[in-house]
J.: 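First the structure, then my questions, so here it is.
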Amino acid sequence: MSKAQNNITKNISLFFDEIQKTISAVGESGFIKILKESREDSELTYQNDVSKIVIKIVAKEFSLSVKELLYGTSRLNDKTHALGVITLILITEFGFKLKEVSFVLNKNNTNLSRYKSEVENYDDSHPLDSKRLQKLESVKHQLKLYKENYEQRTN
């Protein structure tokens with residue numbers, strides 16, 4: 001065998017050894033979960049850095065996966081509110097146009113405009129809206145911390 005073939009064989013063997021060690025440590029379902037989580041960033045293919053960060057923070061705050069937020073069909077969660085928060089933040093905080101947000105989220109501008117309006121009209125005296133307002137403030141706070149940290153790293 002040539003040196004290149006030996007190298008390939010060695011890497012394949014190492015690859016499967018690591019898979020076996022991981023499965024032994026976390027189990028098959030744990031290993032599958034790790035693979036799915038590591039693939040999550042691939043759902044953010046068309047987004048720029050700003051929108052990726054906003055989407056990740058909002059998804060986490062609303063207890064949604066990025067995949068479910070962007071491509072999911074379930075209507076049993078706060079997905080539309082999360083999309084409204086993303087839309088509001090990208091437009092007001094980062095100067096995106098609705099058409100740009102529509103492209104980033106791969107959603108209809110009419111729906112995004114409606115979701116954004118819902119977020120803008122939250123009533124803090126309403127119990128559900130109060131919780132959603134807390135999530136919105138939490139997202140804004142996390143973004144502020146991220147911005148400060150980013151600016152410190154770049155200076």
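Worth knowing before you read on, the calculation uses all heavy atoms, side chains too, and leaves out hydrogens, waters and symmetry mates.
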J.: Look at the side chain of S113 and the backbone N and O of N109, then say whether any donor-acceptor pair between them is shorter than 3.5 Å.
T.: no

J.: If you measure from CG on L83 to CG on D78, what distance do you get to the nearest 0.5 Å?
T.: 10.5 Å

J.: Pairs under 3.5 angstrom only: tabulate donor-acceptor contacts from the side chains of residues 89-99 to other protein residues two or more places apart or in another chain.
T.:
{"unit_1": "T92", "atom_1": "OG1", "unit_2": "L88", "atom_2": "O", "d": "2.7"}

J.: Could you state whether I8 and L14 fall into the same hydrophobic cluster, counting links through intermediate Ile, Leu, Val, Met, Phe, Trp or Tyr residues with side-chain heavy atoms under 4.5 angstrom apart?
T.: no

J.: Are the side chains of R132 and L136 in contact, using a 4.5 Å heavy-atom criterion?
T.: no

J.: Supply the atom-to-atom distance E61 CD to K140 NZ, rounded to the nearest 0.5 angstrom.
T.: 13.0 Å

J.: E120: which residues meet the side-chain hydrogen bond (donor to acceptor under 3.5 Å, both in side chains) condition with it, sequence neighbours left out?
T.: K116

J.: Between atom CG of N111 and atom OG1 of T87, what is the distance when rounded to the nearest 0.5 Å?
T.: 10.0 Å

J.: Taking atom CG of L133 and atom OG of S138, what is their separation to the nearest 0.5 Å?
T.: 12.0 Å

J.: Would you please name every residue forming a side-chain contact (heavy atoms from CB on, under 4.5 Å) with H126, sequence neighbours left out?
T.: D123, L128, D129

J.: How about V104 and I55: do any of their side-chain heavy atoms sit closer than 4.5 Å?
T.: yes

J.: Please name all residues satisfying side-chain hydrogen bond (donor to acceptor under 3.5 Å, both in side chains) with E118, sequence neighbours left out, ordered by chain then number.
T.: none

J.: Among all residues two or more places apart in sequence or in another chain, which pass the side-chain hydrogen bond (donor to acceptor under 3.5 Å, both in side chains) test with N108?
T.: T110

J.: For atom NZ of K135, is the number of surrounding heavy atoms from other residues, nucleotides or ligands below 6.0 Å larger than 12?
T.: yes

J.: Look up atom NZ in K144 and atom NE2 in H141, then write down how far apart they are to the nearest 0.5 Å.
T.: 7.5 Å

J.: Is a donor on one side and an acceptor on the other found under 3.5 Å between the side chain of S102 and the backbone of K107?
T.: yes

J.: By side-chain hydrogen bond (donor to acceptor under 3.5 Å, both in side chains), which residues pair with T22, not counting sequence neighbours?
T.: none

J.: Set out, in order, the CA-CA distance, both residues' side-chain angles and the distance that settles side chain to side chain contact (heavy atoms under 4.5 Å, CB included) for L105 and L69, then state yes or no.
T.: CA-CA 9 Å; L105 298 176; L69 180 60; over 6 Å; no

J.: Side chain of E68, backbone of S65: donor and acceptor closer than 3.5 Å?
T.: no

J.: Using every non-hydrogen atom in the two residues, find where L64 and A82 come nearest and quote the distance to one decimal.
T.: CD1-CB, 4.1 Å

